[in-house]
Amino acid sequence: MDDTRDEVGFLQTIGNELPKHTGDVLYPELLGGGRVSFEYSDTGATVDDTTASILGDLYNSESADGKVPISFRAHKRLVMSPVGEPLKTAKSFDELIAVLADAMLCHDAVWRHCGILHRDISDNNILVVRQGERVRGLLIDFDNAITNREQSATRPGRTGTFPFMSINNLENEGVPRTALDDWESLLYVLCFYATVGLECIGRREKSDRERLPIRKWSTGYAEDVAGSKRQHLSSKATFDKEVTRHFYSARIDERAVSRLKNLARELYTALFNNPRCDSSCYGVINDYKMLDGKQVLNNPFVERAKEKNVKVIVEDLVAIVSRYQSNPE
């Protein structure tokens, strides 16, 4: 059975290609592993643990609407290096920024040099790696990844974790999934931790967190979450009002909070109001524009997904995180 979401294959490609093209980029190195198999007690037959083997004839059936077949998934266990800790163990906001920057520089290198798009940027998939005095970030979990040639697939299916999924991903209305969706997810990860806080320096009380606007990024149906994000990101002023003004430090570290706000605003501008792109790429709300003397509906997500715009925007995003990574002040 063809496993198009073959994480083992993706990691092998990354291990083979990245050393040829990059220097100081931390990436997951596959040491061993593969599919998990089980043995039938009555026949002694050994079978891979997959959706096809578990469901049997049901695997070839379709959903009620006749459009979405059951996805092929395989149970795998992998051994990788280096070893890391959860993102929430970052000891400061400066560490958080350095870790997120490292992870996204890996994301960019994998996208450009290996032709693999991660598609699931979330707090669970970024680890803190401590190498002596240096703190690094490690991007893991490529089991939702696709190759670049698959990006144009219609309605590719939602992947990820609601609070961190891009608007395009949540709405899943046929706009091609690109690297920009993952960079948008980075913005949400940054805003989540900047708002909720870090364990080692203090987190907001649960009752306080329940009242935050970004709480809506976690509740309701996918369309509800997408609607909340569209509203919160509808303008720079609204983004500041609904999101960045709630950034929080239990130790009253104004410098760190200010740095987080500046980074979030720069990422927001590069993603949604990039001056190097045409105005049709601006914003998160569909509106009308004039084309050949006629009003036509403009979807900025469709415009930004065009290859020329993806290239320009990602260049700016990489430059931003690289600058924050190399300059901790």
Task: salt bridge (charged side-chain N to carboxylate O under 4.0 Å, His left out), paired with Glu171, selected from Lys229, Arg177, Arg230 - done: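 The salt bridge (charged side-chain N to carboxylate O under 4.0 Å, His left out) with Glu171 is passed solely by Arg230 among Lys229, Arg177, Arg230.
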Is a side-chain donor or acceptor of [X] paired with a backbone partner of [Y] at a separation under 3.5 angstrom?
{"X": "Thr89", "Y": "Pro86", "result": "yes"}
{"X": "His107", "Y": "Arg119", "result": "no"}
{"X": "Glu242", "Y": "Pro213", "result": "no"}
{"X": "Asn298", "Y": "Ser280", "result": "yes"}
{"X": "Asp102", "Y": "Val99", "result": "no"}
{"X": "Thr22", "Y": "Leu18", "result": "yes"}
{"X": "Asn16", "Y": "Gln12", "result": "yes"}
{"X": "Thr269", "Y": "Glu266", "result": "no"}
{"X": "Thr51", "Y": "Arg73", "result": "yes"}
{"X": "Glu184", "Y": "Ile167", "result": "yes"}

Over all heavy atoms of both residues, which pair between [X] and [Y] is shortest? Give the atoms and the distance, please.
{"X": "Phe38", "Y": "Ser53", "value": "CE2-OG, 4.2 Å"}
{"X": "Arg203", "Y": "Arg209", "value": "CB-NH1, 4.5 Å"}
{"X": "Gly283", "Y": "Arg304", "value": "O-NH1, 2.7 Å"}
{"X": "Cys106", "Y": "Val25", "value": "CA-CG1, 3.6 Å"}
{"X": "Val129", "Y": "Gly84", "value": "CG2-CA, 4.0 Å"}
{"X": "Leu105", "Y": "Ser322", "value": "CD2-OG, 3.4 Å"}

- [ ] Dump the intermediate steps for side chain to side chain donor-acceptor pair (under 3.5 Å) on Asn309 and Glu303, then the final yes or no.
- [x] CA-CA 8 Å; Asn309 292 322; Glu303 296 300 316; 5.2 Å; no
TODO: State which residues pass side chain to side chain donor-acceptor pair (under 3.5 Å) with Asp240; sequence neighbours excluded, sorted by chain then number.
DONE: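 Checked Asp240 against side chain to side chain donor-acceptor pair (under 3.5 Å); matches are Thr244, Arg265.
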Before we go on, tell me: are the rings of [X] and [Y] under 6.0 Å apart, centre to centre?
{"X": "Tyr188", "Y": "Trp217", "result": "yes"}
{"X": "Phe164", "Y": "Phe192", "result": "yes"}
{"X": "Phe239", "Y": "His232", "result": "no"}

Please indicate whether [X] has more than 12 foreign heavy atoms, meaning atoms of other residues, nucleotides or ligands, lying under 6.0 Å from its [atom1].
{"X": "Gln131", "atom1": "CD", "result": "yes"}
{"X": "Lys88", "atom1": "NZ", "result": "no"}
{"X": "Glu205", "atom1": "CD", "result": "no"}

Task: Pairwise side-chain contact, Asn286 with Pro300, heavy-atom cut-off 4.5 Å (strictly under) - done: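 Asn286 vs Pro300: side chains touch.
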Open item on the list: Between Val284 and Phe301, is there a side-chain heavy-atom distance shorter than 4.5 Å?
Closed with: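 Counting from C-beta outward, Phe301 and Val284 do come under 4.5 Å.
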Task: salt_bridge(Asp253, Arg259) N-O dist < 4.0 Å - done: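 No.
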- [ ] Taking only Lys NZ, Arg NE, NH1 and NH2, and the carboxylate oxygens of Asp or Glu, determine whether Asp278 and Lys306 approach each other closer than 4.0 Å.
- [x]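 Here Asp278 does not pair with Lys306 in a salt bridge, since their nearest N and O are not under 4.0 Å apart.
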Task: Modelled atom types, side-chain donor and acceptor of Asp181 and Asn169, under 3.5 Å - done: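 No donor-acceptor contact under 3.5 Å links the two side chains.
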Open item on the list: Nearest 0.5 angstrom please: Leu198 CG to Lys91 NZ, how far?
Closed with: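 Reported value, rounded in 0.5 Å steps: 12.5 Å.
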Open item on the list: Assigning hydrophobic clusters by single linkage (Ile, Leu, Val, Met, Phe, Trp, Tyr; side-chain heavy-atom cutoff under 4.5 Å), is Leu100 placed with Ile201?
Closed with: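 Cluster IDs for Leu100 and Ile201 match.
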